[in-house]
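Below is one structure; the comments refer to it alone.
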Amino acid sequence: MKNTIFLLLIMLSGIASGQSPAPRVLVITGGHDYNISAFNGMFDSLPGKITHRVAELPGAFDLFKKEHRDEYDVVVFYHMWQDITAEQAADLSACIKEGKPLVVLHHSICAFDDWDEYVNITGGRYFHRKDTIDGHIYGESSYQHDVPVHLVVKDKNHPVTRGIPDFTMVDETYDNFYVQPGIITLITTDTPGSTGIIGWTKQYGKARVVTLQSGHNEIAFRNANFRRLLWQAIQFTIYD
């Protein structure tokens, strides 16, 4: 109760001053290497102020339990973890479904190959092997490193993409990955070797979810347009 009152006072203080409180971002990693310094630098250099905490799977699964969900405002996935127990899956899906906002980056759509509900959370799936979704059979996905990717802002009025121009960024493409019907398309690409839709938003239960296929390495982390895209995705899932 004391913690709840304290958080409420912080929020009211921010409202009274005309500013939203700095979002507390929980970043989930694990199962894939990345440039830690450049990645953390991206969060430190976002256009708006946040606090962020990086937690690595499998230990990070505990943070999806009810008793820890008040410790952060939004979750950012940057993991490619595969193993998950029934209890861990229930905690994670309930955390998002009950209203915890989520931003999904890059190789996070390559995670949890054997957990069917995960694609309903993220709205997309990279196939490491032939797989079936809703009765349709899909072949293996593919990837290419260090490709100049042309990002086209499909919805220029959406809060996630507003004010961001079309831009080109060297990144890793994914081709033949699954994008769930019913998502709202935000970003597309005409780059060969990539699926056409590479950014979208959807609802999972009470939570807003934004998924961005971009974000492979430090080239993306240091790109001003990508940083703004990430910042606006975080803001949208929490506040807009």
Side-chain angles (χ1 to χ4, degrees), residues 3-4 6-15 19-30 34 39-57 59-81 88 91-109 111-112 117-118 120-124 158-162 164 183-184 186-187 199-215 220-221 226-240:
N3 288 338
T4 302
F6 178 69
L7 291 172
L8 181 59
L9 289 172
I10 292 176
M11 292 178 66
L12 290 174
S13 174
I15 293 170
Q19 298 177 345
S20 299
R24 299 167 302 159
V25 180
L26 174 64
V27 184
I28 302 297
T29 64
Y34 64 98
F39 185 73
N40 287 332
M42 173 177 65
F43 283 92
D44 291 336
S45 301
L46 290 180
K49 186 177 180 182
I50 67 165
T51 61
H52 82 280
R53 169 188 179 185
V54 178
E56 187 174 358
L57 296 170
F61 278 122
D62 285 346
L63 296 173
F64 299 118
K65 294 181 179 296
K66 274 194 172 183
E67 58 266 31
H68 294 293
R69 293 176 194 168
D70 288 338
E71 297 173 10
Y72 49 91
D73 301 308
V74 58
V75 181
V76 173
F77 279 171
Y78 195 68
H79 71 90
M80 204 173 84
W81 198 257
Q88 290 165 345
D91 287 338
L92 194 161
S93 60
C95 178
I96 308 304
K97 185 175 287 186
E98 292 172 13
K100 191 64 65 176
L102 174 65
V103 177
V104 181
L105 298 181
H106 194 52
H107 48 245
S108 292
I109 66 170
F112 299 130
E117 184 63 14
Y118 188 62
N120 293 324
I121 298 173
T122 64
H158 194 279
V160 174
T161 50
R162 188 180 297 140
I164 298 176
I183 55 91
I184 297 172
L186 300 176
I187 302 170
W200 61 86
T201 184
K202 67 177 305 255
Q203 195 81 14
Y204 182 73
K206 297 178 181 179
R208 284 175 172 167
V209 178
V210 173
T211 298
L212 305 173
Q213 185 273 322
S214 307
F221 304 157
F226 183 70
R227 287 181 174 182
R228 184 172 178 184
L229 193 60
L230 173 58
W231 165 243
Q232 291 182 181
I234 289 171
Q235 288 284 103
F236 168 71
T237 59
I238 302 173
Y239 301 123
D240 284 314

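Nothing fancy with the numbering, it's 1 onward along the sequence.
- Considering only residues two or more places apart in sequence or on other chains, Phe112 meets the ring-ring contact (aromatic ring centres under 6.0 Å, His included) condition with His79, Trp115, Tyr118.
- Separating the CD1 atom in Ile238 from the CG atom in Asp73 is a distance of 5.5 Å, to the nearest 0.5 Å.
- Checked against side-chain contact (heavy atoms from CB on, under 4.5 Å), Gln203 has the following partners two or more places apart in sequence or in another chain: Arg208.
- For Glu71, the side-chain contact (heavy atoms from CB on, under 4.5 Å) criterion is met by Arg53, Leu63, His68, not counting sequence neighbours.
- Taking CD1 from Ile121 and CZ from Phe77, the interatomic distance works out to 6.5 Å, rounded to the nearest 0.5 Å.
- At distances below 3.5 Å, at least one donor-acceptor pair connects side-chain atoms of Trp200 with backbone N or O atoms of Thr122.
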Check against side chain to side chain contact (heavy atoms under 4.5 Å, CB included), Gln213 and His106: CA-CA 4 Å; Gln213 185 273 322; His106 194 52; 3.6 Å; yes
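- Atom OG1 in Thr29 sits 10.0 Å away from atom OH in Tyr78 (nearest 0.5 Å).
- Contact record, Leu26 with Ala55: CD1-CB, 4.0 Å, taken as the closest heavy-atom pair.
- With sequence neighbours excluded, the residues forming a side chain to side chain donor-acceptor pair (under 3.5 Å) with Asn120 are Glu117, Gln180, listed by chain and number.
- The side chain to side chain donor-acceptor pair (under 3.5 Å) test applied to Lys65 returns Glu87, Asp91, not counting sequence neighbours.
- Partners of Arg227 under the side chain to side chain donor-acceptor pair (under 3.5 Å) rule, at least two apart in sequence or in another chain, do not exist in this structure.
- At distances below 3.5 Å, at least one donor-acceptor pair connects side-chain atoms of Gln232 with backbone N or O atoms of Pro159.
- How far OG1 of Thr161 is from CZ of Phe236: 9.5 Å, rounded to the nearest 0.5 Å.
- In this structure, the side chains of Leu229 and Ile187 come closer than 4.5 Å at one or more pairs of heavy atoms.
- Rounded to the nearest 0.5 angstrom, Thr201 OG1 and Leu102 CG are separated by 10.0 Å.
- Nearest heavy atom pair, residue Ile234 against residue Thr237, reads O-OG1, 2.9 Å.
- The backbone N or O of Met42 lies less than 3.5 Å from no partner atom in the side chain of Ser45, so there is not a single donor-acceptor pair.
- For the ring-ring contact (aromatic ring centres under 6.0 Å, His included) test, no residue two or more places apart in sequence or in another chain qualifies with Phe64.
- Considering all non-hydrogen atoms of both residues, Ile109 and Val104 come closest at CG2-CG1, 4.2 Å.
- Residues passing the side-chain contact (heavy atoms from CB on, under 4.5 Å) test with Arg69 are Lys66, Tyr72, Ala94, Cys95, Glu98, Lys100, sequence neighbours excluded.
- Separation of atoms CG (Leu212) and CG (Leu186) is listed at 7.5 Å; rounding is to 0.5 Å.
- What you find for Pro23 and Lys49 is that their closest heavy atoms are CD-O, 3.3 Å.
- Under the ring-ring contact (aromatic ring centres under 6.0 Å, His included) criterion, Phe43 pairs with Phe39, His52, not counting sequence neighbours.
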